[in-house]
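Every chain is numbered from 1, with letters handed out A, B, ... down the list of sequences.
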Amino acid sequence: MSWARAYALSLLAMVLAACPANEPPPNQGCANCHAGIEQAHAAIQPGQCTLCHGGDGAASTKEAAHVIAPADWAEIRGTGLPPAPFGFIKDFAPDQLAKLPTAYLRFINPGDIRVVGETCGSCHPEQARNMPTSVMTTNAGHYWPSLWLADLQADRIATFSSYPVTDPNCDPSIPGTVCALGVLAPPAASEISAVLTNTASTVVDIERLATQHYLAKNCNTCHQAGYPRNDSPGLYRSTGCSACHVLYDKEGVYRGEDQALPRGVPVYPARHVITKAIPTEQCATCHFQGGRIGLLYRGIREGGFSTRPPNAEVIAETLNGRAPGFYLTDEDTTNTYDETPPDIHFTRGLHCADCHVGSDVHGTGRIYSTAKQQIDLVCEDCHGSVRQPQSPNPAGQLLTRRGRVLPQLRAEGGKIILRGIDGADHLVRQVATILATEATSDMRAAMATDDRDWSHTDALTCDTCHSSYVQYCIGCHVSFDLRLDQVDYQTGLKTPGLTRGGRTSYALDKLLLGTAPDGRVQTAHPSQQLQMSVFNASTYGGEDGALLMGGVVSDGAGNRKTWGRFRRRGSLKANNGFVPFFQHTTSKAGRSCEACHRRDTSPAELARVRGVYGYGTGDFLLTGSEGEQVDGLQFLDPDGNPTTTWVHDGSGPVAPDRRARALDVVLE
Amino acid sequence: MKNLLRSPLLPIVVSFFPGCGDDEIPPPTPEPEVPVSCRSGSPSTIEIGRGVGGAFEALSPEADVELTAAPQGGFGVAVVLRTQRLAASEGDVLRLSLDLEISGTVAGHFELRRPALCNSDGSGALVNGIVVGLDPARYGSNDALLALDDAVVSLVVTATDSSGNTATVRQQVTLQVGG
């Protein structure tokens with residue numbers, strides 16, 4: 001017996017010993033009302049409801065069987081959230097969930113992070129231990145970059161989480177991890193007042209208030225520690241393990257056979273089933289924000305800009321809390337191609353969960369500062385390299401480059417097969433095999449090793465060429481208005497200040513290249529190009545609407561407009577920030593050589609290609625609060641010096657020597 | 001696989017799948033009867049309200065409604081609709097026309113199709129997650145948005161069911177920027 005098999009069997013034995021699923025089922029009290037309810041999990045027998053949900057399975061009345069909502073439910077709910085039936089918690093923010101008795105929380109959602117040790121963790125201890133510190137739960141990578149880019153914190157490390165979290169086995173020597181995180185609540189009225197009435201306060205103090213509000217209020221609904229608003233198609237989901245493993249349909253209503261659950265009433269899972277077959281749509285209940293990969297992967301482009309292409313095809317329904325028409329599926333229905341096609345993996349029937357399994361999603365128990373440190377999957381883990389196809393280890397397993405087992409892959413007959421969550425087998429084509437057997441001369445020039453044993457893939461990530469398009473959001477205007485209140489999704493309460501964001505413009509046909517943390521060149525992306533303006537209110541002793549941060553500047557067309565202040569860090573006056581980013585718009589065909597190299601020796605062509613490497617394109621000029629103009633797609637000055645910082649350690653512009661070599665190439 | 005079949009763990013593994021191999025055919029589930037309030041008929045009505053989790057609180061005339069900023073861009077008025085006597089059994093879809101009028105001028109017009117979800121308690125059908133947006137070209141700036149605070153506007157909703165039965169409601173509300 002191999003050590004791996006022995007380990008697996010002993011682990012199984014431990015799990016079975018710990019798992020309560022083999023206890024005899026309790027009486028059938030629950031089934032008296034919930035006749036027809038689906039068996040949630042293969043290991044949990046019908047009638048064992050209380051193993052997960054608690055309550056009294058022997059009781060004969062609903063009141064006695066159910067765990068009743070706490071008497072102070074209305075107080076915990078507060079007045080910021082919409083009207084809801086007594087006991088409804090499925091739009092509660094993390095702070096509100098933390099105030100609930102755990103018995104009630106467990107009754108409503110046994111997968112919540114606060115109770116998962118007693119429920120899912122009985123049989124899945126590793127996952128239950130890891131998931132609460134996963135970046136999908138802490139949201140840690142969301143908070144610190146904005147603070148760091150604005151020089152409001154010193155280091156590139158996580159500083160806040162969506163809920164208080166500690167790693168009991170913390171090892172500070174592991175790069176990119178931290179031991180504990182607290183929450184970021186939006187500053188209270190007293191804190192705002194203290195800053196605004198203090199004559200020693202600076203614009204940086206005001207910027208800190210505004211940034212903390214922005215982070216707590218505008219983007220804090222997408223993590224497993226709390227519920228989303230759960231009031232609109234595309235948003236319905238649960239928390240904790242159930243956020244992914246219990247599926248909600250678009251309307252958030254129950255479609256199963258339980259005779260007791262109400263029909264036509266959100267928010268219920270579509271069926272009372274726990275599943276590993278998590279479709280992309282479930283992931284997209286969160287991933288329509290941030291990098292928007294849940295949209296890009298499906299060929300959906302976010303709108304909301306002041307202009308919309310005249311012949312665009314839109315999604316004509318409310319989605320993700322947006323009005324009909326906010327999302328686009330095709331830029332121009334009068335031509336014969338799709339400018340924003342879905343990722344090829346999506347068109348071939350693969351879901352997010354076909355690639356991202358294990359520690360990519362559950363984490364490892366460490367508190368990572370960003371997803372880049374938690375996720376290790378790269379294209380080569382499935383498709384092999386240009387030199388060598390992917391191949392199993394002696395135990396027959398296929399591993400990532402970091403040595404993580406990819407259980408969805410198997411080697412069979414000299415081929416690599418992926419078993420999809422839909423049960424279908426997908427042939428995973430190997431790059432080395434394609435190059436050896438069917439590659440065109442262009443493909444070989446782009447990817448194969450040359451006589452020096454050098455390949456473009458040594459220097460570039462696969463997605464650099466194989467992303468069909470990149471959506472750049474250019475100029476992110478955020479206003480923080482103290483005259484108004486707004487619900488924040490840390491406390492769930494209505495707190496002072498309204499934060500809202502809007503974008504200036506977008507580009508689909510541009511390309512920027514930078515260096516990824518692994519040292520290779522990758523497509524780069526602006527990182528929340530924030531320009532912030534802050535408006536005062538008389539409640540704080542100022543003049544209503546007086547501009548505390550930002551400037552009123554001519555727009556060049558005879559109008560005076562309010563422009564937000566760019567982030568600043570050190571001597572950088574417009575620290576827009578950039579990140580290398582895998583777009584999830586993979587295409588079979590790669591970009592042409594001219595995307596990154598000159599077609600001729602003309603100055604115009606040189607300027608075009610220099611734009612790819614961050615010298616600016618001149619196409620998207622942003623106006624700052626002092627009237628200064630900044631190129632939204634620029635991160636190098638004409639001499640090649642950085643004009644902005646990059647978010648992640650090890651990332652940055654393409655290295656000067658590589659840049660020079662790439663710019664020297666003139667295609668024939 | 002052969003090793004697994006010989007393994008003493010087999011009974012334990014098998015016990016994980018208690019339903020496997022069960023040939024018993026469950027009795028057919030009777031079709032639930034559609035309440036009268038969810039069948040197409042007359043008079044058909046539609047109300048505008050707010051709520052979450054199945055709650056419906058009808059808006060009173062000029063009631064405050066929040067102009068909600070959606071995460072990372074976009075904003076609109078989020079409402080819930082309750083219909084009576086419009087077809088709303090499983091699979092039925094309503095055609096909706098939504099208008100937001102400011103001083104008699106349409107500031108946002110949307111047409112969409114949404115399922116009406118019949119509440120089994122007989123109170124009618126709910127159409128959740130309706131966001132009446134505003135034209136981003138006219139209401140994109142902070143100043144334009146703030147001008148809407150405390151503005152009395154009209155929400156006009158027309159719903160048409162699969163048999164062509166229609167209901168319309170016009171409701172004045174007072175916008176509150178925030179939420």
Review point. Nearest heavy-atom pair of B/Gly53 and A/Val265: which atoms, and what distance?
Key: O-CG1, 3.7 Å
Practice item. Please examine the side chains of B/Leu117 and A/Glu251, heavy atoms only from C-beta on, and report whether any two atoms are closer than 4.5 Å. Key: yes
Study note, to complete from the structure: All heavy atoms of B/Leu112 vs all of A/Thr318, minimum pair found to be CD1-N, 3.9 Å
Practice item. Taking the side chain as every heavy atom from C-beta outward, state whether A/Glu317 and B/Glu111 have any atom pair closer than 4.5 Å. Key: no
**Study point:** chain B contact via A/Phe86 - side chain, backbone, both or neither, heavy atoms under 4.5 Å
**Key:** neither
Practice item. Give the member of A/Cys476, A/Pro233, A/Gly36, A/Ser232 that has the highest number of heavy-atom pairs under 4.5 Å with chain B. Key: A/Pro233
Review point. So, for A/Ala84 and B/Ala55, which heavy atoms are closest and what is the spacing to 0.1 Å?
Key: CA-CB, 3.6 Å
Check your understanding: Do you know the tightest heavy-atom contact between B/Val52 and A/Arg77?
Key -> CG1-NH2, 3.4 Å
Practice item. To the nearest 0.5 angstrom, please state how far the CD atom of B/Glu66 sits from the CG atom of A/Leu484. Key: 11.0 Å
**Study point:** chain A contact via B/Arg114 - which portion, at a heavy-atom distance below 4.5 Å
**Key:** side chain
Exercise for review: Under 4.5 Å heavy-atom distance to chain B, tell me which part of A/Asp231 shows up: side chain, backbone, both or neither.
Suggested key: both
Review point. Using a cut-off of under 4.5 Å for heavy-atom pairs, which of B/Asp121, B/Asn119, B/Ile130 has the most such pairs with chain A?
Key: B/Asn119
Practice item. Please indicate whether A/Arg263 has more than 12 foreign heavy atoms, meaning atoms of other residues, nucleotides or ligands, lying under 6.0 Å from its CZ. Key: yes
